Amino acid sequence: MPAPSPAILDQMRKALLLQRDGNVARARALYEKILKKDPGNTEAVNLLGLCFLEQGFPKRALSLFEKAIALAPTEARYRVNRLECLERLGEIETASATAEADIQASTDPALLHRRASLLRRAGRIAEALPAFDTAVRAAPENSEALIEFGQTLNLAGKHEEAAKLLGFALEAEPTHTGAILSLADALNQLDRAPEARDLLMARSDAFNLDRDATYHLSLANSHWGCGAYALAVEEADTALSLGLDTVDSRLVRGKALYHLGRFGEAVADLEIAHTRDPERHEAAMTLGFAYLSIGDLTRGWPLAERRVEANLTGLITRRFSRPKWQGEPLAGKTLMIWDDQGIGDVLRSASMFAELIAQADRLIVECHPKIVPLLARNFPQAEVRPRQHEARGMLVGEEDFDLQCAFGTLPMYLRPTHAAFPADPGYLTADPQRIAALKARPPLDGTRPKVGLSWTSGNRSGLRRHSYLTLEDLLPLLENAAVDFVLLDYTDRSAEIAEIQAKRPITLHRWSDLDLFNDLETVAALTACMDLVISANTSVADMAGALGVPAWRFGPVTGTVLLGADTPPWAPATCYLRLDPQRPAKDIVPRLVSDLEAWCRERT
């Protein structure tokens, strides 16, 4: 192909300058004039296509890029531009297929990057990941490809890898707003919200804070992950005021309001989020929790069931060939129920076992091995056995039940209203022989009041950590000389106790030969020896509630323990002390001290 004449080249330079200056209409006219004189000028064809693309005419641009490719099949730029047209036209699948064909003709890094981006936009994340890996290896200096790779890793749930990659990208481009927001997202997903918040606040200069709603939404998510719920609401409100009224903005605002105990307001936002995206499991689940928190069990339980799809932290999922029980009559049927959460949830669920035994021809209870002896002794009419791997029964045809149901689903059918909760203060009993053996030990053999204590949990991850105390926080309570304090915490607190005792004398009775983590029959017996249990929101409080032992349970305003009531309907003998979500948990200690003093006076 002959080289363009000097006159044509001069016109090309003028047109290109006009195009770069934003005067696309005049540039287009010049390119059209050039092509009348030189129809084979491939670059003019391509640049004219770009003009049409900039003016919002992707179909006209597409035909020009096709022509440019026919004239110069090895020029990757023209193929990249064609992919841009197809993407603008919304033909993502066609663009992806075209990109695959283009790669056969050219392995240009720009094409590799474009192919990966298209796969990501098409939702083909599993394919996009290796495609981005190839693109980044082909052009390590391409920071945009690197950042998009990190964002795709986020979408794939590979947050640790995403954080490392995006952190590396930010070293090269510290003010890249997309990288900052994506790294913050990865850190939030990794339960490293304080780092995400620090990052966003340190790099705030990269954003126009008066206009960038996405920054405020990201900061709202980070505040929420830090437990700073009021600040999360403020940032979400800013994002909304800037026009970012999305499912995400409504969801984070609703979640923050929920954790602040402003349940009615939370319901309003979460209903909007759920209506806009009924498939968003987290929105549906949190809306269900909010309904439960205002006592609307009818609407709350079904929505809370979306906890399975939302991958609620700590949830156990199992698969069976037998159908799920949906509340239908159980006469003549064998029902197998199984634990899907922690020991505390199992203890609360046990309040419904007697009803199921009465309804079903046979009841099978599968749960964690360590709680089997306690439940088997209390429910001899049921078959209580350790949790099994469901694949065993499915593969060899040994599923010995007609229907199955997770413990967490049972309340939807058995506790649809508050009236369905029995008024009995306890539904489990401890082993009398174990109680007698324990009461032979001092101070359990004495007449002074025994107060069981538990202030924390073995799981302090995520937002849970804001609801627990340290032993040092409880020192004012331990100064009460009128009672004998007994350690009920199921985790090893010996190091924490030794550290406190090295500074000041305290008495907290415990016995090294008692296994409070694995031996729940002994835990039940020791709890039954108590006149009062003071506990954080853990299975220690649930054990007291199941046994009908008076308890003071302190915890967050949220959750399915209260269900909109003042006293947990699961445990009428339990008094629930709500922690102020905007104050440290240790602020509850003065009330515990004064209430215990009053309790002691009433007993004398």
Side-chain angles (χ1 to χ4, degrees), residues 120 122-126 151-159 162 182 185-191 193 217-218 220-222 224-225 229 232 236 239 244-259 263 265-294 296-320 323-327 338-342 345 390 404-413 459 461-464 556 558-560 563:
R120 173 192 170 195
R124 295 158 61 180
I125 304 301
Q151 292 167 335
T152 309
L153 286 165
N154 259 346
L155 292 173
K158 299 178 181 291
H159 306 300
S182 298
D185 182 38
L187 292 171
N188 281 326
Q189 295 292 336
L190 290 167
D191 192 24
L217 178 58
S218 184
N221 275 302
S222 298
W224 180 83
Y229 307 121
L244 190 62
D245 190 351
T246 63
V247 171
D248 286 328
S249 55
R250 292 290 180 175
L251 176 56
V252 70
R253 189 174 192 274
K255 290 194 302 182
L257 289 167
Y258 168 69
H259 282 276
F263 302 124
E265 295 173 77
V267 164
D269 275 306
L270 293 167
E271 281 183 336
I272 293 172
H274 179 54
T275 300
R276 290 178 180 174
D277 187 358
E279 299 305 312
R280 186 72 171 267
H281 303 305
E282 185 185 11
M285 174 190 73
T286 313
L287 177 58
F289 291 161
Y291 276 134
L292 292 174
S293 296
I294 60 175
D296 189 342
L297 310 191
T298 303
R299 285 190 286 186
W301 290 127
L303 284 166
E305 273 295 284
R306 296 280 289 277
R307 70 193 194 282
V308 178
E309 294 87 352
N311 294 317
L312 181 66
T313 303
L315 190 71
I316 300 166
T317 56
R318 300 177 66 182
R319 293 180 299 128
F320 303 95
K324 179 180 176 181
W325 182 55
Q326 299 183 62
W338 50 278
D339 60 337
D340 54 345
Q341 295 189 66
D345 299 277
E390 64 274 13
Q404 51 80 25
C405 187
F407 287 178
T409 304
L410 296 176
M412 183 163 60
Y413 306 118
N459 179 8
S461 62
L463 299 175
R464 296 168 60 97
T558 58
T560 55
L563 301 176

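FYI, the numbering just counts along the sequence from 1. Not measured: the values here are computed from a predicted model.
- Note: His259 and Trp224 have perpendicular aromatic rings, judged against thresholds of 30 and 60 degrees for the angle between ring planes.
- Nearest heavy-atom pair across Ala236 and Arg253 is CB-CB, 3.8 Å.
- Each of Val267, Thr558, Leu287 was scored for a side-chain contact (heavy atoms from CB on, under 4.5 Å) with Tyr258, with one residue passing: Thr558.
- Shown here for Pro411 and Gly408, the closest heavy-atom pair between the two residues is CD-O, 3.4 Å.
- When all heavy atoms of Leu251 and Ala283 are compared, the pair lying nearest together is CD1-CA, 3.7 Å.
- Under the side-chain hydrogen bond (donor to acceptor under 3.5 Å, both in side chains) rule, Arg306 has a single partner from Glu282, His274, His281, which is His281.
- Taken to the nearest 0.5 Å, the CG atom of Asn311 stands 7.5 Å off from the OG1 atom of Thr317.
- In this structure, Asp185 and Ser218 have side chains that are not in contact, with every pair of non-hydrogen atoms separated by 4.5 Å or more.
- Counting heavy atoms from C-beta outward, Thr298 and Tyr291 have side chains that stay 4.5 Å or more apart.
- When all heavy atoms are compared, the tightest approach of Leu217 to Ser249 is CD1-CA, 3.6 Å.
- By the 4.5 Å heavy-atom criterion applied to side chains, Leu270 and Arg250 are not counted as neighbours.
- Only one option out of Asp245, Asp269, Asp248 pairs with Arg276 in a salt bridge (charged side-chain N to carboxylate O under 4.0 Å, His left out); it is Asp245.
- Of the possible polar contacts, one joining the Asp345 side chain to the Gly342 backbone as a donor-acceptor pair under 3.5 Å is found.
- Between the side chain of Asp277 and the backbone N or O of Ala273, no donor-acceptor pair lies under 3.5 Å.
- Leu563 places a side-chain heavy atom less than 4.5 Å from the side chain of Trp301.
- When all heavy atoms are compared, the tightest approach of Cys405 to Thr409 is SG-CB, 3.7 Å.
- Looking at every heavy atom in both residues, Leu315 comes nearest to Val308 through CD2-CA, 3.5 Å.
- Once rounded to the nearest 0.5 Å, the distance linking CG of Asn188 with OG of Ser222 reads 4.0 Å.
- Between Gln151 and Arg120, the side chains place a donor N or O and an acceptor N or O closer than 3.5 Å (distance only, hydrogens not considered).
- From Tyr229, atom OH reaches atom CG of Leu257 across 12.0 Å, with rounding to the nearest 0.5 Å.
- Under the 4.5 Å side-chain criterion, counting only non-hydrogen atoms from C-beta, Gln341 is not in contact with Phe407.
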